[in-house]
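Reminder, nothing fancy here: chain letters follow the sequence lines and each chain counts from 1.
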Amino acid sequence: MKMKSPIRERDFYLQPVVDVARALIGKSLVHQIGDQAVAGIILETEAYDGEQDQACHARSGKTKRNAVMYGPAGHAYIYFTYGMHWLLNCVTGSEGYPAAVLIRSIHPTRGLEMIAQNRMDITPALWCDGPAKLTRALAIDGTLNGCDLCQKTGVLRVEEGITIPEELIQAAPRIGIGYASEPWKSKPWRFTAQMLPSRIDELIK
DNA sequence: TCTTCGATTGTCT
DNA sequence: GACAATCGAAGAA
């Protein structure tokens, strides 16, 4: 029988945001919908670090939209963009310091039938390979903004997933932040797991 | 109040 | 590779 996954401690999210972004690779993101769960292994993240980071939403200070980022660590910062997309972040750092990790892609592991019902237009390999695609696949939207990711029975939570070797985690500049100035635009704060889906499925068994 | 634009995706050329 | 979709937040006026 599979071992019950312990939830992540809140202390995990109090580490520097870049460390959290790297450490979240391989963890399991779960959305509990009634008695059903939809989940996936986190494969790609990006770190956004404080008001000085010119790519971060907090670059102009606290606003209605980014307020959750200023709150306690371990909560979900979910925002709407491009008139149609929801993006999911994990808030990190002390309360009052705005930092968060954007979840850019996951490998779906649970609730595949549910995803399939809503995404018959594309092949499973493309279900969760983008930040807005994974929120759509897991049915995550603004109603979950600010919810606590550390609760054992939380609607949205992060659990232990699989261990991905350090050498398979690649760092690169963040995507879609052309508006930012240097050095922020080039900071290697995007982390991706270089692992085949088949290998991930093996590790989950 | 008005204008601009986005931590993206999907489609078309 | 270029660009439309689509709308609320943010900043300017």
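- Side-chain N/O atoms of Ser60(A) include one lying less than 4.0 angstrom from OP1 or OP2 on dG11(C).
- Counting heavy atoms from C-beta outward, Trp189(A) and Trp184(A) have side chains that approach closer than 4.5 Å.
- Between Asn66(A) atom CG and dC5(B) atom P the separation is 19 Å, expressed in whole Å.
- The minimum heavy-atom distance between Pro108(A) and Trp127(A), with the atom names listed, is CG-CE3, 4.3 Å.
- Which of dG11(C), dT9(B), dA7(B) sits closest to the side chain of His85(A) comes down to dT9(B).
- Remark: Arg119(A) engages Asp121(A) in a salt bridge, criterion side-chain N to carboxylate O under 4.0 Å.
- dC2(B) and dT6(C) have their P atoms separated by 23 Å, with the value rounded to a whole Å.
- The side-chain contact (heavy atoms from CB on, under 4.5 Å) test with Glu46(A) singles out one residue from Asn89(A), Ile175(A), Ile103(A), and that residue is Ile175(A).
- Per the geometry, CG belonging to Leu88(A) stands 14 Å off P belonging to dT8(B), to the nearest Å.
- Side-chain N/O atoms of Tyr179(A) include one lying less than 4.0 angstrom from OP1 or OP2 on dA7(B).
- Remark: C1' of dA7(B) and CD1 of Ile103(A) are 12 Å apart, rounded to the nearest angstrom.
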Problem - Strand DNA chain B as a dot-bracket string - pairs counted if Watson-Crick or G-U with both distances under 3.5 Å, | where the partner lies in another strand - result: ||||||.|||||.

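- Between the C1' atom of dT6(C) and the CZ atom of Phe80(A) lies a distance of 7 Å, rounded to the nearest Å.
- Contact between Ala76(A) and Leu88(A) at its shortest, heavy atoms only, is CB-CD1, 4.0 Å.
- Atoms CH2 (Trp86(A)) and P (dT9(B)) sit 15 Å apart, rounded to a whole Å.
- The residue from Val158(A), Val20(A), Leu149(A), Asp19(A) that alone fulfils the side-chain contact (heavy atoms from CB on, under 4.5 Å) condition with Phe12(A) is Val20(A).
- Atom pair Lys62(A):NZ and dG11(C):P shows a separation of 15 Å (rounding to whole Å applied).
- Between Asp53(A) and Arg174(A) there is a side-chain heavy-atom pair separated by less than 4.5 Å.
- Atom OG1 of residue Thr92(A) and atom OH of residue Tyr13(A) lie 10.0 Å apart, to the nearest 0.5 angstrom.
- Ring-base stacking between Tyr82(A) and dG6(B) is satisfied, the centre separation being under 5.5 Å and the plane angle under 30°.
- Nucleotides dA7(B) and dG1(C) are separated by 22 Å at their P atoms, to the nearest Å.
- Under the 30°/60° scheme for interplanar angles, the aromatic rings of His57(A) and Tyr77(A) are found to stand perpendicular.
- Side-chain N/O atoms of Thr63(A) include one lying less than 4.0 angstrom from OP1 or OP2 on dA10(C).
- Residues of residues 118-147 of chain A that place a heavy atom closer than 4.0 Å to DNA chain C do not occur.
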Practice task
Under the side chain to side chain donor-acceptor pair (under 3.5 Å) rule, what do Gln194(A) and Thr192(A) come out as? Steps first, then yes or no, please.
Solution key: CA-CA 6 Å; Gln194(A) 308 297 310; Thr192(A) 53; 2.9 Å; yes

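- Taking both residues in full, the closest heavy atoms of Gln54(A) and Ser181(A) are given as CG-OG, 3.4 Å, listed atom of the first, atom of the second, then distance.
- Among dG11(C), dT8(B), dT6(C), the nucleotide with an atom closest to any side-chain atom of Met84(A) is dT6(C).
- A chain of hydrophobic side-chain contacts below 4.5 Å, direct or via other Ile, Leu, Val, Met, Phe, Trp or Tyr residues, connects Val17(A) to Leu29(A).
- Rounded to whole angstrom, the span from the CD atom of Glu44(A) across to the C1' atom of dT8(B) amounts to 13 Å.
- At whole-Å resolution of the value, OH in Tyr79(A) and C1' in dC7(C) are 15 Å apart.
- Within 4.0 Å (heavy atoms only), Arg174(A) reaches no atom of the nucleic acid at all.
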Exercise for the section: Could you give me the CA-CA distance, side-chain angles and deciding distance for Arg22(A) and Glu166(A), then say whether salt bridge (charged side-chain N to carboxylate O under 4.0 Å, His left out) is met? Expected result: CA-CA 9 Å; Arg22(A) 189 187 291 107; Glu166(A) 190 71 23; 3.8 Å; yes

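- Here the side chain of Leu87(A) is nearest to one of dA5(C), dT8(B), dA10(C), namely dT8(B).
- Of the residues in residues 91-102 of chain A, none lies under 4.0 Å from DNA chain C by heavy-atom distance.
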